[in-house]
Novice: 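Please see the structure below; I have some questions.
Letters A, B, ... mirror the listed sequences (proteins, then strands); counts begin at 1.
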Amino acid sequence: MSGIADLVIAPVLLPLLAGAGMLLLNGERQRAVVAGLNVAATLALVCIAAVLLAMSDTGTREVYRLGNWPAPFGIVLVLDRLSALMLLLTNVLALASVVFSLARWHRAGAHFHSLFQYLLMGLNGAFLTGDLFNLFVFFELLLAASYGLLLHGSGLTRVKAGLHYIVVNLAASLLFLVGVSLIYGVTGTLNMADLAARVPTVAPESRGLLEAGAGVLAVAFLLKAGMWPLSFWLPTAYAAASPPVASIFAIMTKVGVYIVLRLSLLLFGEGAGASAGFGSDWLLWGGLATIVFGTIGTLASQDTARLGGFSVLVSSGTVLAATGIGQAGVTSGALFYLVSSTLGIGAFFLLVELIERGREPGADVIAVTREAYGDEDEVDEAEGDVGIAIVATMGLLGVAFIGCAVVIAGLPPLSGFIAKFALLAAALNPGDRSGAVPGSGWALLVVLILSGFATLVAMSRAGLRIFWASPDRTVPRVRAIEMGPVMFLLMICVAQTILAGPVIRFMQATAQSLHAPAGYVSDVLQTGARSGRHLEGK
Amino acid sequence: MISWRTEWVVELGLDFILRLDGFAWAFAMLVTGIGFLVVLYARYYMSPSDPVPRFFSLLLAFMGAMLGIVLSGNLLQLVFFWELTSLFSFLLISYWHHNSAARDGARMALVITSSGGLCLFAGVLLIGHIVGSYDLDEVLASGEAIRSHALYVPALVLILLGALTKSAQFPFHFWLPHAMAAPTPVSAYLHSATMVKAGVFLLVRLWPALGGTNEWLWLVGSAGLITFLLGAFLAVFQQDLKGLLAYSTISHLGLITLLTGLDTPFGQIAAIFHIMNHATFKASLFMAAGIIDHETGTRDIRRLSGLWAFMPITATLAMVAAGSMAGVPLLNGFLSKEMFFAETIEMHDNSLVDRALPYIVTAASTFTVAYSLRFIRDVFFGPAPVGLPRTPHEPPLLMRLPAELLVLACVVVGIAPGITVAPLLDTAAGAVLGSKMPEYSLSIWHGFTPEFLMSILAMTGGVGVYVILRPYLLVNEGPPLLNRFNGKQVFDWLMVTLSWRLARWLESILETRRLQPQLRILAGVACVAALLPLYSRGIPLDDPFGGKFDLPFAVLWAVGCACAIGAAVQAKFHRVVALILLGTAGLVTCVSFVWLSAPDVALTQIVVESVTTVLLLLGLRWLPKRVGPAGSDEAGRRIRWHRIRDFSIALFVGVGLAALALAVMQHPGTESISRYFVENAYTKGGGTNVVNVILVDFRGFDTLGEITVLAVVALTVYALLRRFRPAPESIPVPEQQHAQDSHDEAHPDRQKGDTAKETTETAALIMALLFPVIGVVAIFLLLRGHDLPGGGFVAGVAMATAFILQYMARGTIWVEARLHVLPVRWMGVGLLLAGCTGAAACVVGYPFLTSYFAYAELPLVGRIPTASAFLFDIGVFSLVVGATVLMLIAIAHQSLRRYGKPPQTVSPLAGEPAKEGLV
Amino acid sequence: MTRLLPFPIVSFCLLALWLLLNQAVTVGHILLGCLLALAGGWLLTVLELPSTRLRRPGVMLRLLGLVAIDIVRSNLAVGRIVFGFGRQEWTSGFVNIPLDMRNPYGLGALACIITSTPGTLWVKFDAQKGSLMIHVLDLVDEGEWIRMIKGRYERHLLEIFE
Amino acid sequence: MSQLLSYSLLAAQLLLGLAIGCGAFRILAGPRAQDRVLGFDTVSVNAMLLLLTFGIRSGEALYFEAALAVALFGFVGTVAFAKFLLRGEVIE
Amino acid sequence: MNGIEHLPPWAAALTAILVLLGASVTLVGSLGLLRLGSFYERVHAPTLGTTLGTVFIASASMVCFSVLESRPVLHEILIMALGLVTTPIALTVLVGAARFRDTAERRAQVGEAEDG
Amino acid sequence: MELVLAIGIGTLAASGVWLILRPRTFQVIIGLSLLSYAVNLFIVAMGRARTGAPVLIAKEIGDPSKYADPLPQALVLTAIVISFATTALFLVVLLASRGLARTDHVDGQEPEA
Ligand code: NA
Ligand code: NA
């Protein structure tokens with residue numbers, strides 16, 4: 001039972017130890033070792049996540065009881081399809097991002113690699129945990145690391161954006177605490193599965209308090225997910241972040257989305273008694289509003305990185321709205337979409353810097369740093385430019401740009417199109433064939449089609465401006481380890497398109513089990529302890 | 001019909017189906033055949049300086065996508081390839097991207113055709129909803145169901161939007177002329193034979209399912225008719241050869257659309273036939289135009305003249321093709337045009353338009369003839385051209401060959417349709433119409449029929465129009481009347497207005513980049529989220545004044561509230577005061593924790609409290625001076641209103657949180673999981689302090705995460721401050737130090753720093769003596785945490801405080817010359833220790849963080865608790881010491897900035913061992 | 001001895017502190033306490049504290065008693081002033097006292113004594129001139145205070161520390 | 001007799017609460033920053049005593065550490081404030 | 001186990017008296033903060049609490065717990081000792097700051113009532 | 001006591017919210033600190049905290065419900081640590097913002113009058 005089951009803890013433990021180990025090395029002089037450690041750890045995480053995904057696809061939930069304490073009391077990690085999927089997505093994105101950073105960005109500040117590993121630890125933990133307060137801890141961890149990474153490289157723009165980002169997220173964390181403790185006060189538990197079991201039995205006079213707690217908690221999650229009108233911090237922060245950081249940030253909003261998806265179905269699904277369906281309308285309309293807002297922002301963005309930030313909003317709005325619809329089919333489409341759009345946006349953020357690099361000669365993005373620090377620039381320019389410029393750089397960049405645009409806008413031939421199709425087909429055909437198209441389906445159809453159109457307009461505008469409209473542009477010097485990650489992410493989108501069948505089958509299985517939370521609850525609460533509670537009792 | 005199916009996304013009803021019926025086959029022939037010829041042509045057309053590999057790969061990719069459309073057996077797959085053609089056409093049109101017209105034209109084509117594609121996508125989704133499948137066969141078989149469905153009209157409109165945009169039908173026709181900025185082979189291929197045909201292809205393809213209704217008749221028919229008329233009229237007035245061809249293409253596509261729109265089986269046959277014919281003659285005309293452009297260097301009809309003398313073969317080819325375009329007998333265009341005329345004469349719904357239709361199309365056809373005539377007469381005849389960029393001559397043979405083959409086809413089909421095209425047409429039409437296949441005949445001479453009369457009228461009328469308009473055309477640019485109307489301008493205006501100005505305006509309304517509104521919204525949303533459920537379900541607050549009353553506690557909180565409000569009032573202008581008030585409120589909170597039976601919490605809060613105070617005070621030095629409330633700042637109704645609003649929000653949140661707290665406290669709780677912790681803390685967790693057992697054992701995972709947060713924050717603080725530059729006005733020493741030092745310097749018997757020393761020397765000595773004292777207390781707190789309040793965290797902060805006290809007493813430089821604190825090492829060791837302690841359990845087959853505990857009996861020393869949780873706590877201790885010290889010292893180091901680079905005696909913080917560290 | 005135990009008094013205090021904190025006088029705690037006490041003394045050498053010798057424990061006790069009495073007396077005196085009993089008028093002010101003592105520990109002890117005694121407060125000490133400034137709440141006669149500080153406290157402290 | 005003790009403990013806590021109130025008044029009223037710091041110091045000492053009385057009231061010795069911590073770390077705050085007023089920065 | 005109700009009457013009485021005395025002395029000291037006129041006078045006031053106030057209440061605690069737990073409980077001594085040692089540090093630096101601020105103010109002749 | 005505690009929580013929260021809506025970074029950091037006090041007390045209140053409840057496990061546990069609920073206390077401890085960390089971080093960021101932007105306004109620039 002141990003052995004392979006212990007792999008569930010690895011996505012948390014490995015980054016913890018790797019990050020700690022890096023602290024013991026000398027960050028400046030042994031940078032190569034530290035960087036190698038980071039890449040190796042991230043690569044190992046990708047492999048582990050892949051194994052976990054395979055494990056989860058057998059349909060069994062792996063419940064990992066930390067400290068060997070029984071379920072509602074101790075903290076558990078729960079590996080099911082959804083968490084395995086998110087793990088793999090996160091670490092794949094991370095791998096691309098960290099490889100990209102090796103070209104130059106990791107030198108823009110101190111402790112980049114440790115912070116990066118801790119971000120992964122926070123993300124992985126948040127996706128795995130089955131405990132509400134433990135979720136808070138991992139949220140804080142990933143946020144703390146994200147503060148550090150957002151500020152990586154420093155400079156006025158980043159600090160200004162970071163200030164807003166931090167304040168808003170600190171306020172949201174306080175809401176998180178209020179919500180969790182209120183829920184605990186009413187139900188007496190923190191374990192998600194136990195909570196799901198207790199929600200139907202909450203006394204009627206306390207139900208208002210329970211739902212108030214859930215509402216406050218939802219605000220905290222939705223802020224992280226970037227739902228309008230809680231999302232204004234996001235485009236600025238993402239645009240200010242250094243490219244590898246912005247790229248890994250593409251998954252950050254998805255943590256909020258993930259937890260909303262998980263908890264709304266677990267706690268307020270059909271079996272939740274009087275609270276069934278709590279908040280789903282808000283999710284639907286809020287999600288739609290977010291798509292609309294993101295779309296408007298996409299159109300209104302002059303800055304390419306900001307455009308990426310607004311695409312993040314469109315992406316999370318779409319998944320939120322789909323969650324609000326609350327059908328297994330739509331959920332599976334939303335999951336497919338989530339993967340595709342996250343990869344696309346991640347690649348886009350990496351790409352933005354590469355193409356902007358050549359657009360205005362001398363106005364390297366690192367100038368943000370130089371503006372603030374003058375001579376004390378850490379990034380060794382000479383070394384950074386030694387890299388071999390890839391042959392036919394512009395062509396590659398162009399292809400990559402089109403790839404990203406197509407994925408983000410949801411156009412053929414890449415996965416974004418299949419994703420939108422899966423989403424809309426399910427939204428238009430709820431359960432029974434005879435049924436008319438529900439209002440939510442129409443709304444989603446209209447909004448998604450229009451947003452795809454707007455994204456196309458914005459992307460083509462940006463693409464023309466970047467690639468063709470500046471006659472004096474020089475071909476940027478792009479290194480293979482910068483281009484590789486972008487292509488890697490896009491190739492995954494291609495694979496996702498070609499293998500759409502198996503992938504959507506996985507997503508459907510995931511959605512089915514999400515929509516039938518009874519299995520989750522019983523799996524978590526009934527798992528037995530490993531024999532002998534402790535290594536050696538008293 | 002051949003079909004090949006492979007599974008793609010079975011779950012969504014999306015199989016990859018290649019379905020080759022007669023119609024698809026005919027189209028595929030066009031796509032591949034003309035594609036081959038265009039590739040051949042382009043080989044000679046493209047200049048050696050162009051990046052040719054890109055051109056051909058794009059062209060071939062486009063061909064693949066086009067074949068994909070034609071061969072799709074699944075409507076979604078069709079949409080898939082549909083959008084791909086838009087994408088590739090964008091890249092092909094913008095091939096010469098240094099040319100702004102090419103960029104604009106490409107973008108316009110992309111935006112219009114792709115948005116149409118998205119509409120088509122939506123329409124197909126609706127069809128899928130109606131039919132329950134996207135399989136083309138099933139859809140075609142469900143025509144009845146589709147037409148009678150409530151969603152028929154929306155589905156039809158959406159699909160038509162897709163088809164009409166792609167085929168450049170009114171009102172979306174304007175993109176096509178601008179797409180002429182593409183290299184001519186592209187135009188010859190995309191804008192004659194393939195891409196623009198995709199729209200009419202789809203119309204014909206789906207006619208069995210969607211056609212046969214008034215909506216079809218009117219929507220498709222009127223779009224086709226208007227486009228036919230408009231295109232023909234505008235084509236006459238074009239001065240650019242390719243522009244003329246573009247409008248003529250629009251017009252002919254309108255003709256085809258009109259044919260399908262007339263909603264009869266015969267109309268479909270005619271449409272298919274004209275699709276083929278138009279492809280052949282228009283492709284050859286584009287090639288001819290390209291040759292002319294290539295050889296003369298211009299495409300302006302006004303500058304061209306008398307080319308017959310220079311390039312007779314090309315001229316002949318162009319003339320034959322143009323004749324076909326005009327509908328001259330014995331050429332293929334004539335045949336389909338005859339069919340067209342015949343179809344218009346038929347009655348469809350007996351409306352006024354229907355009855356007027358023959359007259360209208362005849363009138364339009366006169367313009368068709370007129371522009372064809374103009375193409376021939378103005379380019380090839382007349383005086384020799386003057387001032388051409390190049391001296392024209394015949395192109396190489398292989399460049400002419402594609403056009404020659406196409407023209408040959410025009411002639412052969414025109415002369416002997418029965419033995420050439422008839423079987424092909426029959427197969428194609430049969431595939432579309434199936435059992436509805438009507439009788440028709442393909443022959444040159446049907447007798448003196450009304451349609452023949454219409455042809456004659458059109459011919460003669462066309463010549464007349466040309467003659468009349470010629471003087472106008474020689475001088476003017478663009479058509480009369482419609483000159484004002486410019487599709488591009490409207491498009492650009494729309495794009496700028498909708499996708500830029502409107503978006504920016506909306507963004508400015510819907511978004512804020514300022515922090516305060518964001519927080520206001522957050523507070524508001526949180527209030528709403530909490531209130532709505534409470535409003536609908538009620539808040540259980542029956543007796544707010546119930547419960548015991550504890551007078552000292554009330555007095556304590558009177559102080560606490562006063563301090564909190566005081567801090568809120570003072571924080572703007574009197575920061576130190578606000579900080580003192582904050583500290584007092586914190587102290588009250590600590591005492592309250594004791595009151596609420598939470599000694600651990602109180603202890604932790606107290607320790608953290610003092611460190612936080614020092615931190616904030618350290619920061620205060622770098623903030624700008626703020627002198628008392630200024631008059632102008634206080635005034636102003638807007639500011640007052642803002643304050644009232646913020647005050648209301650604050651009050652609302654406060655009252656709400658208080659009400660929630662009260663409601664829960666007055667309500668008996670349900671059975672909580674805490675019971676388990678109380679019952680098992682000692683027996684299974686090995687400690688009597690339940691809270692600490694929870695921290696390091698039951699929920700040790702939380703603690704591990706929490707200390708990692710601390711580590712991460714410390715690293716961030718360090719990373720950020722390492723490159724920090726204070727604002728220039730805060731770099732000089734504080735005025736206090738300046739005053740004290742200058743006082744010393746003014747007196748010859750004093751040394752700099754004496755004044756400060758007099759006051760602080762004794763204090764510094766005592767503070768140094770406190771160093772080991774606090775250290776011992778810290779170790780005490782660390783060791784006893786498992787049984788009594790304390791633990792790694794408190795101990796760590798206490799230890800860090802001991803360090804800070806030394807820094808406060810003696811200053812950074814003095815301390816760091818003696819103590820080598822390597823905070824990052826402390827952190828790394830702590831994290832590793834905590835992590836490895838937890839992981840040790842995995843090694844022996846238990847879950848992470850499973851604790852081991854026992855009381856070891858050591859000789860002399862006695863019972864020593866040896867829980868693995870204790871090792872974990874030591875890890876926590878080490879990390880907290882490192883992180884806290886790192887943060888505080890990193891801020892404190894900023895004061896050294898004024899010396900420029902930190903002096904060498906100061907050991908760097910990151911853990912670089914300048915000398916081996918002592919502590 | 002000085003190498004191993006540079007600050008014997010401090011180390012002793014640390015041991016006492018440890019035992020008091022743990023409220024246990026077991027062998028184990030004494031051992032651990034000794035270890036900590038040694039480490040503490042060693043830490044102080046790192047901080048370059050001057051070493052000193054203490055003599056005359058009897059004087060030390062006498063001084064302690066004196067201080068205790070003074071503290072009680074001054075508590076009452078200050079209490080009276082706060083409530084305004086007795087004299088309605090009092091003046092407070094700074095007093096400069098020439099000191100002979102230079103031992104930093106002696107000065108530290110004096111600071112603790114003076115400040116802990118309500119009504120008097122250590123303000124600053126000018127080491128070059130050997131002049132101590134204190135603040136007195138109820139300042140009647142400056143000379144009286146100088147005599148008291150020098151005679152009652154400094155004399156004893158000089159005996160102890162030098 | 002124990003009744004008497006609980007009443008006197010309550011009375012003592014009330015007195016200490018009022019003493020804290022006095023300190024808080026100085027913090028709020030000033031007039032100078034040094035007065036406020038003095039008030040803060042008073043409040044922390046009084047709070048420490050309040051915790052001791054609370055320990056007696058509850059009969060549990062485990063509140064002692066909290067009192068010790070206030071005694072030890074409350075002064076760190078005061079010193080920091082005082083140092084800030086004296087030198088304009090806490091750590092030079 | 002828990003509680004002062006197990007105290008023998010003499011101990012309860014002694015504890016009660018000590019606690020009340022300590023609290024009263026402390027309150028008197030704190031009242032000094034209100035009643036005394038200048039900072040240099042007020043700065044003397046809190047020492048009542050740190051000396052006698054602490055001594056009384058800590059003694060009360062020692063008596064109470066020593067009796068309750070039937071063994072000498074002496075760690076309150078630490079609090080007294082710490083009070084004795086730490087007060088001078090805080091107050092000396094504070095008075096130094098006040099003196100500096102006063103002289104600086106006199107020198108600048110800016111009569112602002114408030115600062116910070 | 002419950003009412004007093006609730007009022008205390010409410011006042012701390014209201015003061016904190018007022019401050020985080022102010023334009024100066026220092027006000028915001030004080031506000032966040034006040035808010036975190038309020039939230040910490042709120043969490044303890046969710047355990048239905050009582051005065052004088054036993055905290056340590058005795059030899060015989062007796063009725064577990066008479067003990068102070070230890071879980072919220074553990075949660076608060078975690079929350080305190082995290083809010084300490086984030087306060088420090090925010091402080092540094094506001095210092096950096098002040099240094100780079102030359103203003104202590106939360107938006108990094110003085111508002112247009
Ligand atoms: Na001098
Ligand atoms: Na005194």
Novice: Kindly indicate whether the side chain of E/Ile57, heavy atoms from C-beta on, has any atom under 4.5 Å from the side chain of D/Leu16.
Specialist: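 They are in contact (side-chain heavy atoms under 4.5 Å apart), so the answer is yes.
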Novice: Taking every heavy-atom pair that is under 4.5 Å apart, which of D/Val45, D/Ile20, D/Val76, D/Val70 has the most such pairs with chain E?
Specialist: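 Of the options given, most contacts go to D/Val45.
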Novice: To check you understand the geometry: which heavy-atom pair defines the closest contact between D/Ala82 and E/Ala90, and what is its length?
Specialist: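 Where D/Ala82 meets E/Ala90 most closely, the heavy atoms are CB-O, 4.2 Å.
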Novice: If you round to the nearest 0.5 Å, how far is OH of E/Tyr40 from CD of D/Gln34?
Specialist: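 Nearest 0.5 Å value for the CD-OH distance: 6.5 Å.
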Novice: For the residue pair E/Ser61 and D/Leu52, what are the closest heavy atoms and their distance?
Specialist: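 For E/Ser61 and D/Leu52, the tightest heavy-atom pair comes out as OG-CD2, 4.4 Å.
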Novice: Hey, are the side chains of E/Val19 and D/Ile56 touching, using non-hydrogen atoms and a 4.5 Å cut-off?
Specialist: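 E/Val19 reaches D/Ile56 side chain to side chain.
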Novice: Is any side-chain heavy atom of E/Val93 closer than 4.5 Å to one of D/Thr78?
Specialist: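 Of all side-chain heavy-atom pairs linking E/Val93 with D/Thr78, none is under 4.5 Å.
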Novice: Between atom CZ of D/Arg26 and atom CG of E/Leu36, what is the distance when rounded to the nearest 0.5 Å?
Specialist: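 Taking CZ in D/Arg26 and CG in E/Leu36, the distance rounds to 9.0 Å.
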Novice: Find the distance between OG1 (E/Thr92) and CG (D/Leu86) and round it off to the nearest 0.5 Å.
Specialist: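 One finds 11.0 Å between OG1 of E/Thr92 and CG of D/Leu86.
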Novice: With a 4.5 angstrom heavy-atom cut-off, is it the side chain or the backbone of D/Asp41 that approaches chain E, or both, or neither?
Specialist: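 It is the side chain, since no backbone atom gets that close.
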Novice: If we check side-chain contact (heavy atoms from CB on, under 4.5 Å) with D/Phe75, which of these qualifies: E/Val85, E/Thr87, E/Thr86, E/Thr50?
Specialist: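 Passing option: E/Thr86.
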Novice: Check each of E/Leu48, E/Thr26, E/Leu33, E/Thr47 against D/Thr42 using the side-chain contact (heavy atoms from CB on, under 4.5 Å) test, and report the only one that passes.
Specialist: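 It is E/Leu33; the other options fail the test.
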Novice: Heavy atoms only: give me the nearest D/Leu5-E/Ala12 pair and the separation to one decimal.
Specialist: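 Shortest heavy-atom separation between D/Leu5 and E/Ala12 comes out as CD1-O, 3.6 Å.
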Novice: Quick one: CG on D/Leu49 to CG on E/Leu27, what's the gap to the nearest 0.5 Å?
Specialist: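 One gets 11.5 Å once the value is rounded to the nearest 0.5 Å.
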Novice: Counting C-beta onward and ignoring hydrogens, is there a side-chain heavy-atom pair between D/Arg32 and E/Asp102 closer than 4.5 Å?
Specialist: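 Yes. Closest side-chain heavy atoms under 4.5 Å.
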Novice: In terms of heavy-atom pairs under 4.5 Å with chain E, which of D/Ala19, D/Gly23, D/Gly74 leads?
Specialist: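 Of the candidates given, the most pairs with chain E belong to D/Ala19.
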Novice: Let me confirm one number: the CG-OG distance from D/Leu15 to E/Ser24, rounded to the nearest 0.5 Å.
Specialist: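 Output value for this atom pair is 5.0 Å.
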Novice: What are the two closest non-hydrogen atoms of D/Asp35 and E/Phe39, and how far apart are they?
Specialist: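 Smallest heavy-atom distance, with atoms named: OD1-CD1, 3.3 Å.
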Novice: What are the residues of residues 75-82 of chain E, in order of number, with any heavy atom under 4.5 angstrom from a heavy atom of chain D?
Specialist: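 Result: E/His75, E/Glu76, E/Leu78, E/Ile79, E/Leu82.
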Novice: Restricting to pairs with a member in residues 16-61 of chain D, which pass ring pair (Phe, Tyr, Trp, His ring centres under 6.0 Å), not counting sequence neighbours?
Specialist: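 Residue pairs with at least one partner in residues 16-61 of chain D: B/Trp595-D/Phe54, D/Phe40-D/Phe81, D/Phe54-D/Tyr63.
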Novice: Return the minimal non-hydrogen interatomic distance between E/Leu31 and D/Cys22, and the atom names on each side.
Specialist: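 Minimum heavy-atom separation between E/Leu31 and D/Cys22: CD2-SG, 3.8 Å.
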Novice: If you round to the nearest 0.5 Å, how far is CG of E/Leu94 from NZ of D/Lys83?
Specialist: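 It comes to 14.0 Å.
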